[in-house]
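Labels below follow one simple rule: chain letters A, B, ... track the order of the sequence lines, proteins then strands, and each chain is numbered from 1.
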Amino acid sequence: MVDLRLLEKNFDEVAKRLRTKGVEEKLLAEIKELFETYKKEKRALEELQAKQNSLSKLFGQYKREGKDINELKEELEINKAKIAAHQEVVRDLQEKLNNLALQIPNPPDPDVPIGKDEEDNVEIKRVLEPKKFDFEPKEHWELGEKLGWIDFERGVKLAKSRFSVLKSTAARLERALINFMLDHNRSYGFEEVCTPFLANSATLLGTGQLPKFADDLFKIEDEDLYLIPTAEVTLTNLYRDEIITDLSSPIKLTAYTPCFRKEAGSGGKDVRGMIRQHQFDKVELVAITKPEESDKVFEEMVECASSLLTKLGLPHRYMMLCTGDLGFSAAKTIDLEVWLPGQGKYREISSISNTRDFQARRAKIRYKEGKKNLLTHTLNGSSLAVGRTLIAIMENYQQKDGTIAIPKALEPYM
RNA sequence: GGACAGGUGGGUGAGCUGGCUGAAACCACCUCCCUGCUAAGGAGGCGUACCCAUUGCGGGUACCGAGGGUUCGAAUCCCUCCCUGUCCGCCA
């Protein structure tokens with residue numbers, strides 16, 4: 001959530017940064033004005049309440065002393081009506097303010113390149129050279145069907161389109177990758193966690209999926225529960241509404257979960273193959289840090305994910321997302337894109353974001369600094385989407401005879 | 001899913017015949033005093049959010065699971081929901 005007081009005090013600065021993310025200044029001005037009105041009305045209400053409280057106290061006293069209370073009672077009743085009317089106004093303002101404020105994305109960091117969409121993302125560096133094939137490399141779906149590794153038709157039969165079934169070596173590879181990643185992350189100091197795969201609306205609100213992106217979530221009928229779109233949701237919300245007494249070193253967590261996304265609005269994109277599914281496995285990294293430490297931990301997380309790809313021998317590149325391509329909650333994001341020889345393209349396989357205090361403010365995640373309670377920073381990153389890693393291995397390790405070699409690093413896990 | 005019992009501050013736990021209770025007491029924690037170290041002892045402090053004032057102390061509102069209601073006034077009474085415990089049913 002945007003910091004309303006910062007918006008009030010530093011309007012031009014905040015508005016300028018938000019404009020690069022496509023937020024209209026008019027909306028911001030509206031919010032600012034609403035905030036000021038709200039404060040004014042709230043204060044008026046509090047004065048009326050103060051009056052009511054002190055007169056009520058008198059009332060009790062008069063009664064005990066046997067004094068006449070009729071006049072006082074009348075005054076209290078009038079004041080009570082005023083309070084009720086005012087309360088309505090304040091509640092209304094608050095609701096409006098809240099609804100608007102929750103729609104505002106996180107302002108980008110000043111060093112994020114300004115741009116419109118993914119075309120304007122900036123490549124930072126490449127790791128590992130793509131290998132030269134002495135034959136035409138195939139795409140993963142072709143390999144997958146031929147080898148009996150991926151069954152797309154039956155996935156559709158069981159659920160619907162954008163679901164698939166992994167079989168034999170692919171199924172084992174999937175499991176091996178999960179274990180491999182979790183072990184790797186542990187060596188980077190991330191504590192392994194196993195969370196629920198369903199979460200309630202307060203949880204989704206905390207990390208920013210709700211209220212704005214409800215269309216992309218699978219909801220359980222008649223329950224306040226959603227299938228999680230990423231473990232970021234549950235990991236970050238572990239500390240929702242808490243004041244962390246000791247944050248002298250950052251909290252670093254990792255978890256494997258399946259992720260569920262409706263992929264609303266991506267109709268027609270990546271329909272073929274396993275790139276974009278309604279359900280996929282992911283190992284996630286989350287960190288909760290003091291503000292002054294989040295940049296350092298961000299670098300660590302990028303490094304952690306990248307070294308995973310390096311260990312697997314998968315060529316990849318770092319992309320700094322431009323302002324226009326940044327997610328709703330992120331102030332800064334680096335995507336890792338893996339080389340897919342079949343497609344002849346780099347494709348996103350990991351996304352690491354610093355949300356600064358944006359999620360912490362929504363989820364009320366704070367820590368003690370002396371006597372004060374301050375908002376933490378929260379960070380999240382995929383330590384690789386497992387399905388896409390599987391695809392990358394298939395395409396990069398394919399051989400002329402159509403079989404697929406297993407990366408050395410995975411051998412102990414198979 | 002059914003029956004009963006509960007949900008109070010970091011913890012334990014009083015208050016629950018409505019006003020003097022934002023909340024006793026104890027523990028934990030912090031500061032100071034005492035002490036050769038440790039232990040013990042003594043004095044004080046110790047919830048959260050927001051608003052006002054800030055030269056100085058400070059002042060106000062809200063919060064006792066959540067939301068409604070009754071009342072001049074509710075942690076205390078009523079309703080709904082959520083959660084926890086125990087027993088029964090069901091089940092991996």
### Query
Roughly how far apart, to the nearest Å, are A75(B) and G9(B) at atom C1'?
12 Å

### Query
Which nucleotide, in any strand shown, forms a Watson-Crick or G-U wobble pair with G1(B), with both distances under 3.5 Å?
C88(B)

### Query
Is it the case that more than 12 heavy atoms not belonging to E145(A) sit under 6.0 Å from its CD atom?
yes

### Query
Does a donor on one side chain and an acceptor on the other come within less than 3.5 Å for Q399(A) and T403(A)?
yes

### Task
Searching all strands shown, indicate the nucleotide that pairs with C83(B) (Watson-Crick or G-U wobble; both distances under 3.5 Å).
G6(B)

### Task
Nearest whole angstrom, please: distance from the P of G60(B) to the NZ of K42(A).
16 Å

#### Entry: Rounded distance in Å between the P positions of C81(B) and C91(B)
28 Å

## Note on the structure
Using Watson-Crick geometry (N1-N3 plus N6-O4 or O6-N4) or G-U wobble (N1-O2, O6-N3), each under 3.5 Å, A28(B) is paired with none

### Query
RNA chain B: K73(A) or R5(A), which has the more 5' nearest nucleotide?
R5(A)

## Note on the structure
Checking N1-N3 plus N6-O4 or O6-N4 for Watson-Crick, or N1-O2 and O6-N3 for wobble, each under 3.5 Å, the partner of A49(B) is U61(B)

### Message
Please confirm whether the shortest side-chain N or O distance from R91(A) to OP1 or OP2 of G67(B) is below 4.0 Å.
### Response
no

### Task
Please answer whether the main-chain N or O of K138(A) pairs with a side-chain N or O of Q398(A) as donor and acceptor at a distance below 3.5 Å.
yes

### Query
In terms of ring plane angle, is the pair H184(A) and Y188(A) parallel, tilted or perpendicular, where the classes change at 30° and 60°?
tilted

### Message
In whole Å, measure the gap between the C1' atoms of A28(B) and C46(B) for me.
### Response
11 Å

### Message
Between G22(B) and C64(B), how many Å separate the two C1' atoms, rounded to a whole number?
### Response
8 Å

### Summary
From the candidates C72(B), C51(B), C50(B), the one with an atom nearest any side-chain atom of K39(A) is C51(B)

### Closest-nucleotide ordering on RNA chain B, the 5'-leading residue of Y38(A) and E77(A)
Y38(A)

#### Entry: Between R240(A) and T203(A): side-chain donor-acceptor atoms closer than 3.5 Å
yes

### Nearest atoms (heavy-atom pairs only) where T323(A) meets G115(A)
OG1-N, 3.0 Å

#### Entry: Centroid separation F218(A) to H278(A) less than 6.0 Å
yes

### Task
Ignoring backbone atoms, establish whether N79(A) has a side-chain N or O less than 4.0 Å from OP1 or OP2 of C72(B).
no

### Query
For R64(A) and G19(B), what is the distance between atoms CZ and P respectively, to the nearest whole Å?
9 Å

### Message
Please report the distance separating the C1' of U8(B) from the corresponding atom of G13(B), rounded so that it comes out in whole Å.
### Response
9 Å

### Task
Nearest whole angstrom, please: distance from the P of C50(B) to the CE of M1(A).
10 Å

### Summary
Pairing partner of A75(B), by Watson-Crick or G-U wobble and under 3.5 Å for both distances, is none

### Query
Could you give the CD-to-C1' distance, from Q87(A) to G69(B), as a whole number of Å?
13 Å

### Message
I need the residues from residues 43-59 of chain A with at least one non-hydrogen atom less than 4.0 Å from RNA chain B; give them sorted by number, or say none.
### Response
R43(A), E46(A), Q49(A), A50(A), Q52(A), N53(A), S56(A), F59(A)

### Query
Is it true that atom CD of E191(A) has more than 12 heavy atoms of other residues, nucleotides or ligands lying nearer than 6.0 Å?
no

### Task
Could you work out the separation of G19(B) and A74(B) based on their C1' atoms and round it to a whole Å?
10 Å

### Task
Sticking with atom P, work out how far C77(B) lies from G18(B), rounded to a whole angstrom.
9 Å

### Task
Could you check whether D224(A) gets within reach of a base, just the sugar-phosphate, or nothing at all, counting any heavy atom under 4.0 Å?
nothing

### Message
If you count heavy atoms of other groups shown closer than 6.0 angstrom to CD of E88(A), is the number above 12?
### Response
no

### Query
Reckon K63(A) touches a base, only the sugar-phosphate, or nothing at all at heavy-atom distances under 4.0 Å?
base

### Message
Suppose you measure atom P in G68(B) against the same atom in C29(B); what distance do you get, rounded to whole Å?
### Response
39 Å

### Task
Look at R366(A) and A49(B) and indicate whether a side-chain polar atom (N or O) is within less than 4.0 Å of OP1 or OP2.
yes

### Message
Please pick, from C50(B), G19(B), U48(B), the nucleotide with the shortest atom-to-atom distance to any side-chain atom of K368(A).
### Response
U48(B)

### Task
Please work out which of the three classes, parallel, tilted or perpendicular, describes the rings of H316(A) and Y318(A), given edges at 30° and 60°.
parallel

#### Entry: Nearest listed nucleotide, side chain of K80(A), among C51(B), G73(B), G19(B)
G73(B)

### Query
What is the distance, rounded to the nearest whole Å, between atom CG of D246(A) and atom P of G10(B)?
17 Å

### Query
Atom CD of Q61(A) to atom P of C20(B): distance rounded to whole Å?
12 Å

## Note on the structure
So, with a heavy-atom separation below 4.0 Å from RNA chain B, the residues of residues 97-104 of chain A are none

### Query
Separation of L72(A) atom CG from G19(B) atom C1', in whole Å?
13 Å

### Message
Check for me whether the distance between the ring centres of F328(A) and F213(A) falls short of 6.0 Å.
### Response
yes

### Electrostatic pair E30(A)-K26(A), nearest N-O below 4.0 angstrom
no

### Query
For U38(B), what is the paired nucleotide under Watson-Crick or G-U wobble rules, both distances under 3.5 Å?
none

### Task
Starting from P on C81(B), measure out to CD on E223(A) and report it in whole angstrom.
14 Å

